[in-house]
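What follows is a short report on a single structure.
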Amino acid sequence: MKTRPLAAATLLAVLLSAGCNKSSPATERKLAELEQQAADAKRRQQELEKELAEQKLAAERDAIERERMRIEQDRLDMERQQGEAAAAAAEELRRREAELATREGKVELLNSQLETKQEELEKRGEELSEKDRELAGREALDDARERTRPDDTPAGDYGMFYESLSPYGSWFETPDYGYVWQPVVVRNGSWRPYLHGRWACTDRGWTWMSDEPFGWATYHYGRWALCRGYGWVWVPGSEWAPSWVCWRSSGNHVGWAPLPPETLAYRGRSWDSTVEASFGIGALWFNFVETRNFCEPIHHHCLPYTQNDIYIHQTVNITHIHVKDNRVICGGPTYGDIARQTKRKPPFYRIEEDRKARPGHDPIHMRYRVEEGRLRVARPVISSDWDETVKPRHIKGRIESFDVERKEPLKPEVRDLVRQTREQNRKKTQQPEDPPRVDRPTRVEERPLPRQPDPTPGNREVAGRDPKPVSPKAESRTEEPRVQVLPKGNEPNGGKGRREEGGMTQQEKNNEIAVKLQEELRRQNDKIRVLPKDAGPEKPDPLPRPDSRNEATRNERQELEKQRETERRNQLDKQRETERQQRMEQERQQQIEETRRQQQREAERQQREAERQQQREMERQQQREAERQQQQMEEARRQQQREMERQQQREAERQQQRMEESRREQQREAERQQERSRQQRSEEEQRGRGKNR
């Protein structure tokens, strides 16, 4: 590259020298030499450039080759990793297939055991007399053990419901029913109460065996209501029953609907077929199934509720809820009617109550258990004496307009009874066991300030003279200092005050101090106004007459007026201080209330966030479960397809073998015929030769 400017300079010098002396031969030769040198330099430059380009190309080829080798190595590594992953996946697949086979074996074993137990239960059910079989599901069966067993189990309150049901739903406050609960699954439009589970015939009628973790409470205590705009909500109650539903039946269909919350006001009452019309239970409340599927899992066989109007007209109400020996019997269809229409006779159980069961972190122990013909259910004793004072820890909101979906409006007497029952319960819960303490401050009777004797004609004095002194008894009676108190209705905090430690409000303390001050002033006045023993009543003089005794009395009265004025000032100062303290206390309480509201809002926000997180987690679990089930179904389908392909292949191979054998048999038969033909020809030839001879 450096030769190019050198050649250009040389050529320029040659041209200049040639321009100066064109006619010199030496110059021409020199010019020719220089031109030759310039051409050589140019040729060498081109060679160098070509060599440089070749070197760059070789370096680029080398880099490309190295990159190709690296890519090939990465490809080999990737293939090796994929092979290992495929081997691991195949091993995992084989392991899962083995586990699936093991689980299928266990399921088959459990199914066989379940069928055996079912057969045993059916045999036991057959052992019932015909009368008991007809009454089962409609009437209670006698059981002396239940009647004679003492009930010494401690009772719980509604807090048991508030705490245990909060993880599965939200609590709302309503003006008519208090606190109501709504499960999260209500967001699924197809969910309804008494749907996810099955019915069992027991000695107390038809008992609902729920598959939901909150079923121990919501289907045996309280009532359900269908609220417009909100869906199904549950109202707590304290009375336990196998179920709280009304029944409808026909030859081919059975239906049931939850009792409305107004029936809570009729504790211990029996219900018949009139309950549906009395409380306006509409068609949307019912679930219907075919009678032959009544004892199966309901949600698999429940008929569309959009057709409930049709089933309502085809069925009649057969509700027979009654109380016997302090036990609620949920009577519906008879055991005999159900047994005649089902594929197999439904089992019959004796209910065994677990009254010591308490909900905890694990709801499984609150589920029902079947043990040798007995249905063990969790039935904690609930007392509603103080339920109005117990509140849920987290309240999602308030439903101002709680409009229940009804076929017909409630009757006025029903609404009045429900309202009276709620008022009685509220008053009952507001009555403390201890003697009530006075919440309002003790009032001190207001008395006027002491007045001087009126200038009556018999007691009028001339200017400059003091009135006649009175006796200590009279003066102590007429000169009581006035204690200023707040008028009725203007006490701080609405007259109730806030109770401090010791059970006394600040206003009560202030009034007690005022009463003590009044007594102290009375004692001081009695000491000051004690007259000498020889002091007697004097007649007022018509003219002023200087007297040392009058002068002393005047000084005493001035001193007394000063003391009174000082006491009044002190009392006013104390009252102002008390009012200031009360204002400060009010401000402090307002700040505490504001902080509490902020904490409540934060807790509600955290609860909503937790609910959303729980909902998302549930959705993810459902999605994973659906994906897992889909994978299992796909795997089963592929396995079935492979089995079918293997069967088809084996069948094709067998057909091919049969065809091959048939072809070989035909070939052998053709060969035998050819052999016979050859033998016949040879025989004919021999006979021909014999004739020729």
Side-chain angles (χ1 to χ4, degrees), residues 156-193 195-196 210-219 221-237 261 299 358-367 380 387-404 589-630:
D157 54 19
Y158 280 7
M160 186 182 301
F161 296 145
Y162 297 153
E163 294 296 331
S164 61
L165 299 185
S166 293
Y168 308 105
S170 304
W171 287 95
F172 295 87
E173 185 178 2
T174 62
D176 298 329
Y177 302 104
Y179 298 104
V180 300
W181 178 78
Q182 186 178 60
V184 177
V185 290
V186 171
R187 299 173 184 175
N188 181 6
S190 62
W191 186 90
R192 303 166 68 80
L195 181 63
H196 293 271
S210 175
D211 295 335
E212 296 166 313
F214 50 82
W216 67 270
T218 58
Y219 299 120
Y221 300 89
R223 306 292 189 272
W224 285 92
L226 181 58
C227 180
R228 291 190 180 96
Y230 291 91
W232 288 99
V233 297
W234 180 71
V235 182
H299 70 281
R358 291 294 184 270
H361 298 288
D362 186 8
I364 295 179
H365 69 281
M366 299 296 289
R367 288 174 55 87
D387 291 337
E388 290 291 338
T389 61
V390 181
K391 297 181 180 180
R393 184 176 300 178
H394 302 290
I395 302 175
K396 189 173 183 179
R398 179 178 175 86
I399 303 177
E400 295 293 345
S401 178
F402 193 86
D403 191 8
V404 178
Q589 295 297 336
Q590 290 176 358
Q591 292 178 357
I592 294 174
E593 185 67 20
E594 182 65 24
T595 305
R596 187 186 64 80
R597 286 196 294 268
Q598 291 180 358
Q599 292 177 354
Q600 184 177 2
R601 288 194 294 270
E602 181 66 21
E604 292 176 353
R605 185 187 64 79
Q606 293 178 358
Q607 182 183 4
R608 290 193 297 269
E609 184 66 25
E611 291 176 352
R612 287 194 293 269
Q613 183 68 21
Q614 183 180 4
Q615 180 67 19
R616 288 194 294 268
E617 184 64 26
M618 290 177 62
E619 291 175 354
R620 286 195 294 269
Q621 290 180 0
Q622 292 176 357
Q623 184 177 3
R624 288 195 295 268
E625 184 66 20
E627 291 176 355
R628 185 181 63 80
Q629 292 179 358
Q630 185 176 2

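Here the structure is a predicted model, which means the values were calculated and not measured.
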Can you tell me how far apart [atom1] ([X]) and [atom2] ([Y]) are? Round to the nearest 0.5 Å.
{"X": "R628", "Y": "Q630", "atom1": "CZ", "atom2": "CD", "answer": "12.5 Å"}
{"X": "Q614", "Y": "Q607", "atom1": "CD", "atom2": "CD", "answer": "10.0 Å"}
{"X": "W232", "Y": "Q182", "atom1": "CH2", "atom2": "CD", "answer": "12.0 Å"}
{"X": "Q623", "Y": "R616", "atom1": "CD", "atom2": "CZ", "answer": "14.0 Å"}
{"X": "R192", "Y": "H299", "atom1": "CZ", "atom2": "NE2", "answer": "15.0 Å"}
{"X": "Q599", "Y": "Q606", "atom1": "CD", "atom2": "CD", "answer": "10.5 Å"}

Charged N to carboxylate O under 4.0 angstrom, [X] versus [Y]?
{"X": "R620", "Y": "E617", "value": "yes"}
{"X": "E593", "Y": "R596", "value": "yes"}
{"X": "E594", "Y": "R597", "value": "yes"}

What heavy-atom pair brings [X] and [Y] nearest, and what distance separates the two atoms?
{"X": "R367", "Y": "S210", "answer": "NH1-O, 3.7 Å"}
{"X": "P175", "Y": "E400", "answer": "CG-O, 3.5 Å"}
{"X": "I399", "Y": "Y230", "answer": "CG2-CE1, 3.6 Å"}
{"X": "R358", "Y": "P380", "answer": "NH1-CB, 3.3 Å"}
{"X": "G169", "Y": "E611", "answer": "O-OE2, 4.1 Å"}
{"X": "E212", "Y": "W191", "answer": "OE2-NE1, 2.7 Å"}

For residues F214 and W181, establish whether the separation of their ring centroids is below 6.0 Å.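 Under 6.0 Å, so yes.
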> Are the side chains of Y219 and P193 in touch, meaning some heavy atoms are under 4.5 Å apart?
Replying inline: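 Side chain of Y219 against side chain of P193, heavy atoms only: contact under 4.5 Å found.
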(request) Side-chain contact test, heavy atoms from C-beta onward, threshold under 4.5 Å: evaluate it for V233 versus F402 and give yes or no. (result)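 V233 vs F402: side chains touch.
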**Q.** R393, CZ atom: more than 12 neighbouring heavy atoms under 6.0 Å
**A.** no
Q.
Applying the side-chain contact (heavy atoms from CB on, under 4.5 Å) criterion to P392, which one of Y158, W171, F161 satisfies it?
A.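 Output: one option passes, namely W171.
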Should H394 and S166 be marked as a side-chain contact (heavy atoms from CB on, under 4.5 Å) after you check the CA-CA gap, both sets of side-chain angles, and the distance that decides it? CA-CA 8 Å; H394 302 290; S166 293; 5.8 Å; no
Can you list every pair that meets salt bridge (charged side-chain N to carboxylate O under 4.0 Å, His left out) and has a residue in residues 164-186, with sequence neighbours left out?
->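 Sorted pair list: E173-R398.
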For the backbone of T218 and the side chain of W234, can you confirm whether one donor and one acceptor N or O come within less than 3.5 Å of each other? yes
